[in-house]
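Model, not experiment: these values are computed from the prediction.
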Amino acid sequence: MKLRFKLILSALIGCMLFNACSTKKDAFVNRNWHALNTKYNVLYNGNIAFEEAREELNLSYQDNYWEVLPVERLTIREEIILDSENKNPKFEIAEEKAAKAIQKHSMDIKDEERNPQTDEAFLLLGKTRYFEQRFLPALEAFNYILRKYPQSDKLNEAAIWREKVNIRLENDELALRNFKRLFKFEVLKDQEYADARAMMAQAYINLSKIDTAVQNLKIASAYTKKNPEKGRYYYIIGQLYNQLGYKDSANYAFNKIIDLNRKSPREYMINAHLQKIQNTDITPENKLELLEYLTDLEENRENRPFLDKIYRQIAEYHLTNQSDSLAISYFNKSLRATLNKPQLNALNYENLGEYNFDKNEYKIAGAYYDSTLTNLPENIKKYRLIKKKFDNLEDVIAYEEIVQYTDSVITLYNMPKDKQFAYFGDYIADLKEKETAAAKKEEERQTKGVAAFAETKGGKQNKGKFYFYNITSLGYGKTDFRSRWGDRTLEDNWRWADKGSTILSDQDFVANDNKNTTKEINEDQKYSVDYYINQIPTEVTVIDSLKTERNLANYQLGLIYKEKFKENFLAAGKLETVLKSDPEERLILPSKYNLYKIYEESNSPLVAQMKQNIITNHPNSRYSEILLNPQAVLQGDAESPDAKYSALYKQFLNQEYLAVITNSEENINKFTGDPIAPKFELLKANAIGRIQGYDAFEEALNYVALNYPNNPEGKKAKEIIADQLPKLANKDFLTPNSAKKAENWKLVFSFKMIDSQKAQDLKELLEKSIVDLKYRNKISIDVYDLENQFVIAHGFRSQEFALGYAELLKNNKDYLVPYDNFVILSSNYKVVQVHKNLTAYKKHIITPKP
């Protein structure tokens with residue numbers, strides 16, 4: 001009886017459970033069965049995965065404290081995120097659990113949801129998509145809750161998350177309107193109200209309404225129950241007050257963070273301390289107090305993770321107090337302490353670059369600016385500004401090296417023989433002394449290293465063994481060698497990292513290795529005075545060339561300092577050096593004029609003297625005209641450099657190449673030192689190439705590249721030499737059989753330049769024939785060289801078509817063209833024009849005559 005009762009009871013319970021699994025029956029058991037399964041099984045695991053993934057995001061997120069912090073710690077990826085992409089596997093698990101809860105436990109009966117946990121599943125689904133940055137699918141989930149579950153207790157939370165999505169989608173004004181409607185018609189919990197106000201503040205920040213953003217953040221910080229959020233909101237308030245220029249109010253907000261102490265993340269507190277110091281002007285009365293403040297921050301053991309920022313603030317303090325050596329030391333400390341913080345690295349490198357630039361250490365400054373650029377994203381304004389300064393510095397470094405090199409060589413050349421011997425004798429003695437000291441230091445270092453190793457467990461175990469049989473000792477030796485020398489090839493003179501450099505590039509003798517590439521020197525030469533003496537040029541022509549190069553480099557430096565860096569003192573020094581160094585005639589007048597402009601800007605008493613010098617000694621020059629008649633320099637003046645260049649460029653397009661070359665040369669001499677001079681040089685090179693061919697073009701480009709290496713035109717010439725000239729170097733002609741099917745043919749009539757009228761008449765006749773015969777060919781006159789020109793009919797599909805057209809022109813009574821002609825493939829015509837080898841073409845390619 002009992003057994004029967006148990007069986008019946010089990011069957012009833014089984015039936016009840018089976019019926020409870022149905023999502024189509026609106027019964028008490030069904031509703032609660034699915035609600036319990038949703039809440040304590042699927043959503044429980046989903047929420048755990050979501051919180052773990054969100055915590056991972058928080059830990060991996062790095063705030064940029066040099067910009068206004070975002071209200072929410074979330075890095076927005078720039079790449080497009082597809083629905084199928086899940087960057088965090090735990091978010092993927094959370095989304096799968098939310099979807100499973102909806103698919104298996106939703107009870108949508110008669111368009112009404114009967115499972116009270118389904119709205120939470122949609123909320124989890126939307127939040128997961130939000131943090132995966134799939135904002136449109138997230139918006140869809142939140143809108144579904146707001147539309148489908150009007151009685152849900154998650155309605156306000158879903159509304160807040162929806163507006164967070166709108167803000168991420170840059171719909172800030174829409175989000176603000178919806179928040180205001182939410183406050184008007186709904187009663188929010190304190191934390192919900194804080195979250196809503198914080199996101200409103202973010203929208204106002206995005207809209208640059210800083211005052212309103214501050215007010216909303218104050219409300220959010222008052223209502224939030226989470227101290228980390230409170231600390232973040234206070235910090236953003238302080239940053240916004242700094243933007244508005246209210247330093248006292250900003251410091252009040254930073255003090256609020258400091259008062260939170262350990263209740264808020266320590267990073268906020270440390271940055272609040274540093275912001276307070278930055279907001280405090282250093283005066284004689286408080287500088288000692290500030291130093292003690294910074295020292296306390298530095299020496300606090302709990303602040304070790306933040307020493308990079310503390311060191312930087314101490315460096316700025318010392319820089320303000322003109323304690324340069326201490327400032328440099330702390331900037332370097334900050335760099336060594338910084339890990340994975342490119343913004344901080346960029347700021348430190350920029351400070352070091354500025355310091356060395358102000359000290360005229362341009363090479364070192366350039367290296368620091370280069371490091372700054374590697375730590376900045378390329379799409380920001382600061383990157384472009386630093387890049388421009390770095391490019392200008394490259395020019396300065398190159399010209400300064402030329403000046404240093406040429407000065408050194410000329411100085412040595414001018415020395416009497418006995419002083420040359422004394423100079424190099426002292427140099428060799430100093431070199432030997434340094435090498436001896438370095439060897440001794442290295443020996444001491446190795447001895448200490450071996451002694452330290454001998455005291456270790458491995459050293460004691462292997463004591464007495466031959467070095468190369470002792471694996472531990474050998475491993476130590478290899479590591480020590482690599483740390484000292486790096487990876488070196490097994491070869492003679494392996495210690496020399498640069499086999500192409502010699503002692504001539506050291507110290508004050510030779511500063512420009514690229515200017516004097518020499519062969520490797522041996523030990524005897526290294527310590528031989530005669531060897532160095534023999535490296536000094538003895539020919540007067542070489543020294544004159546070096547003087548010319550030095551004067552041009554000094555002139556270019558004067559212009560760079562004046563125009564690009566606004567360093568009038570340095571610019572005047574360089575230009576005055578040019579005038580004292582017996583310069584070429586073409587540098588004298590522009591140097592004087594630029595000095596006049598510098599004196600004028602600096603209100604120097606020398607301005608009148610220089611003006612009179614130019615007017616008296618160069619009365620017919622353009623600069624004299626400018627001084628006497630300032631209107632002559634106005635843009636659009638027919639005599640201005642730009643107007644001259646525009647006129648010449650039009651002549652180039654009209655194939656007046658000889659005039660372009662002649663007038664370019666005249667303008668180069670006239671505008672020497674003007675930024676437009678390299679433009680004339682490059683235009684001249686192109687004109688030379690058009691009428692003299694490949695070899696002359698290459699030579700002209702090399703001249704531009706060598707004489708203007710740091711100008712855009714010089715760099716463009718280098719690009720043409722490297723990229724385009726190799727493609728034009730081929731002189732081989734194609735045969736008709738080897739030509740591509742798509743290649744067309746040309747019919748060419750050759751005329752002397754003195755027969756330009758005949759060529760023009762034929763061109764008009766051919767154009768008429770093209771219209772009459774309804775052909776689609778084009779007719780042109782092309783210059784070949786100084787003596788010859790071509791009238792060409794372009795665009796024939798085959799050689800036969802071109803020959804047939806030539807036959808028609810010769811025999812048709814409407815045309816009766818009597819001139820000799822030939823047909824040529826387009827690719828072969830290009831070779832003929834580039835290399836000016838028409839004779840070779842006619843000799844090697846048999847072309848039937850009509």
Side-chain angles (χ1 to χ4, degrees), residues 63-69 210-211 214 217-218 221 230-338 341 343-359:
D63 280 309
N64 181 2
Y65 287 90
W66 293 272
E67 296 178 358
V68 175
L69 298 184
I210 306 302
D211 289 334
V214 168
L217 280 171
K218 286 181 178 179
S221 61
K230 194 183 292 286
R232 188 175 187 85
Y233 297 160
Y234 281 138
Y235 192 84
I236 298 172
I237 290 169
Q239 287 183 307
L240 295 177
Y241 273 132
N242 274 336
Q243 273 195 0
L244 295 171
Y246 304 145
K247 292 185 177 182
D248 290 339
S249 298
N251 284 349
Y252 180 80
F254 294 134
N255 280 328
K256 287 277 191 181
I257 302 169
I258 295 169
D259 292 341
L260 287 172
N261 201 359
R262 289 180 172 81
K263 295 179 183 178
S264 180
R266 192 169 189 83
E267 189 167 13
Y268 295 148
M269 184 179 73
I270 296 300
N271 281 281
H273 279 300
L274 299 179
Q275 285 286 343
K276 276 184 62 181
I277 294 169
Q278 290 175 18
N279 287 343
T280 304
D281 295 328
I282 301 176
T283 63
E285 292 77 22
N286 69 4
K287 69 176 183 179
L288 184 60
E289 180 184 353
L290 286 177
L291 182 59
E292 290 176 353
Y293 190 170
L294 286 166
T295 304
D296 289 341
L297 290 174
E298 179 186 5
E299 293 177 350
N300 190 329
R301 293 173 61 86
E302 293 184 77
N303 295 342
R304 286 182 177 180
F306 315 105
L307 280 176
D308 48 1
K309 295 178 181 177
I310 295 171
Y311 285 150
R312 171 172 172 76
Q313 191 58 51
I314 296 174
E316 290 185 321
Y317 169 86
H318 287 305
L319 200 62
T320 304
N321 284 322
Q322 299 181 346
S323 301
D324 294 348
S325 57
L326 284 172
I328 298 303
S329 173
Y330 273 99
F331 278 128
N332 285 315
K333 277 187 175 183
S334 178
L335 285 169
R336 288 192 292 271
T338 302
K341 292 180 183 175
Q343 303 97 335
L344 182 56
N345 281 334
L347 289 168
N348 286 326
Y349 282 127
E350 185 182 5
N351 279 116
L352 290 168
E354 294 288 346
Y355 174 81
N356 284 282
F357 180 81
D358 292 339
K359 297 294 182 182

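Two residues are said to be in side-chain contact when any heavy atoms from C-beta on lie closer than 4.5 Å; Leu344 and Trp66 meet this criterion. In this structure, Asp324 and Lys359 have side chains that are in contact, with non-hydrogen atoms separated by less than 4.5 Å. Annotation: side chain of Leu244 is not in contact with side chain of Leu240 (no heavy-atom distance under 4.5 Å). Residues Glu302 and Met269 are not in side-chain contact: their nearest non-hydrogen atoms beyond the backbone lie 4.5 Å or more apart. No side-chain heavy atom of Lys309 sits less than 4.5 Å from a side-chain heavy atom of His273. Side-chain contact between Leu291 and Lys287 is absent, with no heavy-atom pair separated by less than 4.5 Å. Annotation: side chain of Asp63 is not in contact with side chain of Asn271 (no heavy-atom distance under 4.5 Å).
The residue from Asn351, Asn348, Asn345, Asp308 that alone fulfils the side-chain hydrogen bond (donor to acceptor under 3.5 Å, both in side chains) condition with Ser334 is Asn348.
The distance from the CG atom of Asp248 to the OG1 atom of Thr280 is 9.0 Å, given to the nearest 0.5 Å. In this structure, CG on Asn356 lies 6.5 Å from CD1 on Ile328, to the nearest 0.5 angstrom. Going from atom OH of Tyr311 over to atom OG1 of Thr338 covers 10.5 Å, rounded to the nearest 0.5 Å. Considering CD of Gln313 and CG of Leu274, their distance stands at 5.5 Å, rounded to 0.5 Å. Rounding to the nearest 0.5 Å gives a distance of 4.5 Å between OH of Tyr317 and CG of Asn321. Between Ile282 atom CD1 and Leu290 atom CG the span is 6.0 Å, to the nearest 0.5 Å.
In this structure, Thr320 contributes its side chain and Glu316 its backbone to a donor-acceptor pair below 3.5 Å. Side chain of Glu298 to backbone of Ile310: no donor-acceptor contact under 3.5 angstrom is found. Proximity of a side-chain donor or acceptor of Asn300 to a complementary backbone N or O of Asp296 within less than 3.5 Å is not detected.
In this structure, Lys333 satisfies the cation-pi test against Tyr330, with its NZ or CZ atom closer than 6.0 Å to the six-membered ring centre and inside 45 degrees of the ring normal.
Across all their heavy atoms, Ala250 and Gly238 have their closest contact at CB-O, 3.3 Å. Leu69 and Asn64 get closest at one heavy-atom pair: CD2-O, 3.6 Å. Across every non-hydrogen atom of Gly231 and Tyr268, the tightest pair is C-CD1, 4.0 Å. Scanning all heavy atoms of the two residues, the minimum distance from Ala253 to Ile237 falls at CB-CG2, 4.0 Å. Considering all non-hydrogen atoms of both residues, Tyr234 and Ser221 come closest at CE2-OG, 3.8 Å.
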Chi angles and distances behind the side chain to side chain contact (heavy atoms under 4.5 Å, CB included) call for Leu297, Ile314: CA-CA 10 Å; Leu297 290 174; Ile314 296 174; over 6 Å; no
Worked verdict on Arg312 versus Phe331 for side chain to side chain contact (heavy atoms under 4.5 Å, CB included): CA-CA 6 Å; Arg312 171 172 172 76; Phe331 278 128; 3.4 Å; yes
Could you check Tyr235 against Tyr65 for ring pair (Phe, Tyr, Trp, His ring centres under 6.0 Å), going step by step and ending with a plain yes or no? CA-CA 10 Å; Tyr235 192 84; Tyr65 287 90; 5.3 Å; yes
CA sep, side-chain torsions, deciding dist, call: Arg266, Asn303, side chain to side chain contact (heavy atoms under 4.5 Å, CB included): CA-CA 8 Å; Arg266 192 169 189 83; Asn303 295 342; 2.9 Å; yes
After noting the C-alpha distance and the side-chain angles of Leu352 and Leu335, does the key distance pass the side chain to side chain contact (heavy atoms under 4.5 Å, CB included) rule? CA-CA 11 Å; Leu352 290 168; Leu335 285 169; 3.7 Å; yes
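Residues passing the side-chain hydrogen bond (donor to acceptor under 3.5 Å, both in side chains) test with Asn242, sequence neighbours excluded: Gln275, Asn279. Remark: Thr283 engages Glu285, Asn286 in a side-chain hydrogen bond (donor to acceptor under 3.5 Å, both in side chains) (not counting sequence neighbours).
Heavy atoms of other residues, nucleotides or ligands lying less than 6.0 angstrom from OH of Tyr246 number 12 at most. The neighbour count for Tyr355 OH, taken as heavy atoms of other residues, nucleotides or ligands under 6.0 Å away, is above 12.
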